[in-house]
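What follows is a short report on a single structure.
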Amino acid sequence: MTVDPTTLAAILAMAVVTYLTRIAGIFVAGRLALEGRAKAAFEAIPPAVLVAVIAPTALATGWPETLAALVTAVAATRLPLLATVAVGVVAVVALRGIS
Amino acid sequence: MTQDEAAAVGPNETDRARDGLRDILPILIAAAPIGLLFGALCRAKGLSILEAGLMSLLVFAGGAQFAAVELWTYPVPVLTLVFSTLLINARHVLMGASLMPKMRGFSLLQRLGAFYFLTDEAWALAERRAMRRPITPAYWFPLATMLPISWIGSTFLGAWLGSFLGDPQRLGADFAFTALFIGLIAGFWNGRVTGFTIAASGAASALTYGLAGPPWHVAAGAFAGIAAAYLAARPGDETA
């Protein structure tokens, strides 16, 4: 049960940034009316970041990971979150086994 | 939703609190295994049990936390982690702004406290509630403060169990991040524009990772995805 100072600093910085995003709405309510392209761009932020984080693993590691990511994507369209994770993990273990 | 809520007489404070707890219960149950997974993945990346729990307590934002642990290396890339957290959580600004006019009887101090607990889940429930009646402190606080209990508790438990797991790659657990993110991305699906976002972000990120290495792939992918959404949007396809 130890806490590294740099790790603590990173966690605190993440916490501050997150809290600021949470309370910012209090102060911009009524003044923030995003429409059209700007709204689409703002709504695209979460999927754009999430894809960017996993793309090296999914696309640039090897064919088992890429194929498993495709299988997972299909599962994600019809299964709840945890079942999707389970399908992905089983797929990657199986595909690595035959690679 | 229920019959007594539909009655003309508004519920009293106790009823509102009970409504909030009833609404959040399925989400508490769904969050627990995700928290277990988060804790275990933290251990696999070298974070201590306490560090994993602290992150769930202080940051309390699942998507950003999973992204942070995926990006986690030693020495800790603090700026990259903060940047990724800011980008993923920027949506809170819109969610908070949307809830503001629907929240009645909150002082500024109560709002500042209430929004610490702002999550996708609490936001979605509150918006649904607001279609029928204003969101009051008696409804919001029991609902919103239950989720951290489940999230933090399951993080600690997962981190403790993760200590016994051993090499994560053996069990395919290293791929759990990727699979989880694919599931989360599916939750943000909003038609054609999301398709362009994913394609642009994935291509730019993988390419940048190969050419420049981490952490630049996150910024490059995020920027490309956002730009693609801006360019692909047409007046007709606003669904949300």
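Order of the sequence lines fixes the chain letters, A, B, ..., with proteins taken first and strands second; residue numbering starts at 1 for each chain. No experiment lies behind these values; they were computed from the predicted model shown.
Your options are B:L112, B:T194, B:T208, B:L86, and the one with the most heavy-atom pairs under 4.5 Å with chain A is B:L112. Options A:I23, A:T77, A:V90, A:L8 differ in how many heavy-atom pairs under 4.5 Å they form with chain B, and the most are formed by A:I23. Listed options B:A228, B:S201, B:A68, B:A176 were ranked by heavy-atom pairs under 4.5 angstrom with chain A; first place goes to B:S201. The candidate from B:A204, B:A186, B:A90 with the greatest count of non-hydrogen atom pairs under 4.5 Å with chain A is B:A90. Note on B:G221, B:G96, B:A179: by heavy-atom pairs under 4.5 Å with chain A, the leading option is B:A179. Of the listed residues (B:T197, B:V78, B:L118, B:V76), the one with the most heavy-atom contacts under 4.5 Å to chain A is B:L118. Comparing A:P56, A:P80, A:G88 by how many heavy-atom pairs each has under 4.5 Å with chain B, the most go to A:P56. The residue among A:L50, A:D4, A:V17 with the most heavy atom pairs within less than 4.5 Å of chain B is A:L50. The choice from A:A13, A:A10, A:A58, A:A83 that makes the most heavy-atom pairs within less than 4.5 Å of chain B is A:A10.
Annotation: cation-pi pair A:R37/B:Y230 present, NZ/CZ under 6.0 Å from the ring centroid and within 45° of its normal.
Contact of B:W72 with chain A is made through the side chain alone, with heavy-atom distances under 4.5 Å. Of the atoms belonging to B:L37, it is side-chain heavy atoms, and not backbone ones, that fall under 4.5 Å from chain A. Proximity to chain A is limited to the side chain of B:Y209, based on heavy atoms less than 4.5 angstrom apart. Using a 4.5 Å cut-off between heavy atoms, B:T178 contacts chain A through both its backbone and its side chain. Looking at A:T7, both its backbone and its side chain come within 4.5 Å of chain B, counting heavy atoms on both sides. Both the backbone and the side chain of A:A68 come within contact range of chain B, judged by heavy atoms closer than 4.5 Å. Only the side chain of B:E70 has a heavy atom closer than 4.5 Å to any heavy atom of chain A. Looking at A:V53, the atoms closer than 4.5 Å to chain B (heavy atoms on both sides) sit in the backbone and in the side chain alike. Neither the backbone nor the side chain of B:L57 comes within less than 4.5 Å of any heavy atom of chain A. Looking at B:F223, there are no atoms closer than 4.5 Å to chain A (heavy atoms on both sides), in backbone or side chain. Both the backbone and the side chain of B:A222 come within less than 4.5 Å of a heavy atom in chain A.
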Original post:
Does the pair A:M14 and B:L58 meet the rule for a side-chain contact (heavy atoms from CB on, under 4.5 Å), with working shown?
Top reply: CA-CA 8 Å; A:M14 288 169 62; B:L58 297 172; over 6 Å; no
**OP:** Check step by step if side-chain contact (heavy atoms from CB on, under 4.5 Å) holds for A:I26 and B:M103.
**Re:** CA-CA 11 Å; A:I26 298 175; B:M103 296 170 80; over 6 Å; no
**OP:** Take B:M100 and A:F27 through the side-chain contact (heavy atoms from CB on, under 4.5 Å) test and state the conclusion after the steps.
**Re:** CA-CA 9 Å; B:M100 271 293 284; A:F27 307 101; over 6 Å; no
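Using a 4.5 Å heavy-atom threshold, the side chains of B:I226 and A:F42 count as separate. Within the 4.5 Å cutoff, the side chain of B:V59 has no heavy atoms near those of the A:Y19 side chain. Looking at A:I54 and B:I185, their side chains come closer than 4.5 Å, going by heavy atoms from C-beta outward. Taking 4.5 Å as the limit, every side-chain heavy atom of B:I88 sits out of range of all side-chain heavy atoms of A:I45. The shortest side-chain heavy-atom distance between B:H92 and A:L20 does not fall under the 4.5 Å cut-off.
Taken to the nearest 0.5 Å, the CZ atom of B:F175 stands 8.5 Å off from the OG1 atom of A:T61.
Considering every non-hydrogen atom in both B:S205 and A:A52, the closest pair reads OG-O, 2.7 Å. In this structure, B:A229 and A:A41 approach most closely via the heavy-atom pair CB-CA, 4.2 Å. The shortest non-hydrogen separation linking B:L180 to A:L81 is O-CD1, 3.9 Å. Summarising the geometry of B:G183 relative to A:T84, their closest heavy-atom pair is CA-CG2, 4.2 Å, with the distance given to 0.1 Å. Contact record, A:A76 with B:I182: CB-O, 4.1 Å, taken as the closest heavy-atom pair. When all heavy atoms of B:G225 and A:A44 are compared, the pair lying nearest together is O-CB, 4.4 Å.
Counting non-hydrogen atoms of neighbouring residues, nucleotides and ligands closer than 6.0 angstrom, the CH2 atom of B:W216 reaches no more than 12 such neighbours. Annotation: B:L109, atom CG; neighbour count of heavy atoms from other residues, nucleotides and ligands within 6.0 Å does not exceed 12.
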